[in-house]
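Quick notes on the structure that follows.
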Amino acid sequence: MSIIVEARDLTKHYGSDIAVDHLDLTLEKGQIIGLLGPNGSGKTTFIKMINGLLTPTSGMILINGEKPGVNSKKVISYLPERCALPDWMRINDLVKMYCDFFADFNKDKARTMLADLHLDEKKNYKTLSKGNREKVQLILCMAREAELYCLDEPIGGVDPAARDYILRTILQNYNEEAAVLISTHLIQDVESTLDRALFLKEGTLVLNDTVDNIREQRGKSVDALFREVFAC
Amino acid sequence: MLGKLIKYDLKALCRYVLPLFAVLIGSSIALRICLEIFGFEGAGNNVFVSIIVFVVAFVYVISLLGCGFAVYIIISINYYKSLMSDRGYFYLTLPVTHDMHLVSKLLSGALVIVLAAVAFILSFLPLFVGNIALPDILKFVGDIWDLIRTYLLDKNGVLIIILTVLVALFGTQIVIYFCITVGQLIPRHRILGAFLALIGHTILSRTIAAIFTATGFKSLGNLYTIDIMAATFSDIILATISYYLIIYAIEYVVTRLVLKYKLNIE
């Protein structure tokens, strides 16, 4: 499997706070990877650095062997933890905008998913509930045929029924040419979809293993191991 | 991609500026209609009519004065929201360069500034049409142009016009984008940072200009007279505009570098 993300001695400071601390990591295509850790463990910071929204304090991050830039943005589909789309547009305008900017955007796929989740394309994005806004954002993100999906808390704000649909959608997008990086606290919900789990604690990587290994060698679920490692 | 960025930037700007221009021209037409119906004397004799005319005139004058100011506020907010707020999570992950973002913002902003100038001029038409003959207006504009050409635009005329247009359309925008972008270097106090950057820009650019001016006058020594000043007026204008263009070019480069190497979307 080819490497899509490579972090070398990656560090990010916010003033005197260390968000990511000398992280060495590679992510390979063809996997669904859970980026797990408590609040403030550096998950979002790491994802932002992959997307070029934050500049590392030291070290480097490479996407397909290149620093984050135009080429990496062509192949990464990013779902931020907050609603980032222009809220004055209607949903169908947002679909058109994604078509305009992303060559890998599959309009039909987006329309099917919108219909499945009963989201009216004529509605203004601003008038939607927070949960529905998150759904629209996720649909637009998943309707791309990207090489890397970075999903920061993709199911945190949606109802359990939609959560199942979203996880199914993520699984359907899984292929040998793509990697899915999911950051979440809802480990029980995503555990069955994950191939690999990464545990981040205070900016350092404390676990990087396949879910099968965790279950077979440690005899625990990812959720149980998480509770053990991050016990307060 | 640049064309697409400009399209969406223009859409974002026009949502706010077009209603503003509509209010400006609409209030001008309303004022003319009021004056046609009631006249100045009628407006003065009846309290109710006076209030109506006053309100319409007030809205027109406020729109007229606020138009230019509001356009720059809208341009600033659009830049901040697109690239520095939550929306930055979307726009900054589009597969385009930072230069494209900046150029798109500058070109769409310039177009809106031109539209504001057109709306400003159009708003006078309802008030003057019928009261002043078109040939008189054209003669007035011609006279003003002759004055400018005679006294300001001698040998450097065309160059001064081109540079003035560039400064008017892009200069202020670059300063705004520079201040907002540099401001985000101060985590959690980005707006304060932008104001500090504006103060820094103003102090530094004015100080350097003052030093150049003082040095220039000193070099003239005892030869400095009003005649010399008049003879070199266009040179002085050209030097001033060129100076500010250099400042804007530096600030564009700094803005670009900060976006590329020091971006910190919180």
Side-chain angles (χ1 to χ4, degrees), chain A residues 12-17 19 44-45 47-57 63 67-90 93-94 96-105 124-126 133 136-137 140-141 144 146 148 150 152, chain B residues 1-19 74 77-105 108 181 184-190 193 256-266:
Chain A
K12 179 67 188 176
H13 292 188
Y14 295 113
S16 57
D17 298 333
T44 296
T45 300
I47 288 179
K48 281 188 193 174
M49 284 193 282
I50 290 175
N51 284 283
L53 293 172
L54 285 177
T55 316
T57 306
I63 317 298
K67 286 185 177 175
V70 174
N71 287 338
S72 70
K73 288 169 186 178
K74 281 179 186 169
V75 298
I76 299 176
S77 188
Y78 171 49
L79 177 78
E81 57 180 336
R82 55 189 83 191
C83 295
L85 297 171
D87 58 7
W88 47 273
M89 288 190 185
R90 286 180 303 176
D93 294 328
L94 292 170
K96 278 181 205 156
M97 188 161 69
Y98 262 74
C99 276
D100 277 344
F101 286 114
F102 298 108
D104 60 4
F105 184 72
N124 199 313
Y125 185 68
K126 200 178 197 169
R133 267 186 261 171
V136 170
Q137 200 162 245
L140 294 172
C141 173
R144 286 183 60 193
L148 173 65
C150 287
D152 199 355
Chain B
M1 281 292 181
L2 180 62
K4 289 168 185 171
L5 278 177
I6 291 171
K7 180 175 92 174
Y8 287 101
D9 272 329
L10 271 178
K11 277 187 181 180
L13 290 171
C14 286
R15 284 173 61 233
Y16 295 105
V17 295
L18 290 185
I74 291 165
I77 291 173
N78 183 52
Y79 180 81
Y80 179 81
K81 280 198 164 183
S82 297
L83 300 183
M84 302 293 151
S85 73
D86 287 356
R87 225 175 277 167
Y89 284 76
F90 171 71
Y91 280 108
L92 289 168
T93 50
L94 295 176
V96 297
T97 60
H98 294 108
D99 272 326
M100 275 195 199
H101 278 299
L102 284 175
V103 171
S104 164
K105 295 274 180 288
S108 54
T181 311
Q184 63 97 40
L185 292 175
I186 303 177
R188 297 180 189 92
H189 299 287
R190 291 185 291 178
R256 186 185 173 282
L257 290 175
V258 172
L259 281 177
K260 190 169 184 186
Y261 296 110
K262 289 285 173 189
L263 185 66
N264 278 305
I265 297 290
E266 289 175 350

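Of the listed residues (B:Arg15, B:Met1, B:Met100), the greatest number of heavy-atom pairs within a distance under 4.5 Å of chain A belongs to B:Arg15. Here A:Leu53 is the residue among A:Leu53, A:Val70, A:Thr45 with the most heavy-atom pairs under 4.5 Å with chain B. Ranked by heavy-atom pairs under 4.5 Å with chain A, the list B:Pro95, B:Ala12, B:Ser85 is led by B:Pro95.
A:Asp93 and B:Lys11 are not joined by a salt bridge, as no carboxylate oxygen comes within less than 4.0 angstrom of a charged side-chain nitrogen.
Taking every heavy atom of both residues into account, A:Leu140 and A:Phe105 meet most closely at O-CE1, 3.5 Å.
Looking at A:Phe101, both its backbone and its side chain come within 4.5 Å of chain B, counting heavy atoms on both sides. With a threshold of 4.5 angstrom between heavy atoms, A:Met89 approaches chain B through side-chain atoms but not through N, CA, C or O.
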>> Evaluate B:Arg87 against A:Asp87 for salt bridge (charged side-chain N to carboxylate O under 4.0 Å, His left out), listing each step before the verdict.
In response: CA-CA 9 Å; B:Arg87 225 175 277 167; A:Asp87 58 7; 3.7 Å; yes
Exercise. Show the numbers, then the answer: is there a side-chain contact (heavy atoms from CB on, under 4.5 Å) between B:Arg190 and B:Tyr80?
Key: CA-CA 10 Å; B:Arg190 291 185 291 178; B:Tyr80 179 81; 3.8 Å; yes
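Counting heavy atoms from C-beta outward, B:Tyr91 and A:Pro86 have side chains that approach closer than 4.5 Å.
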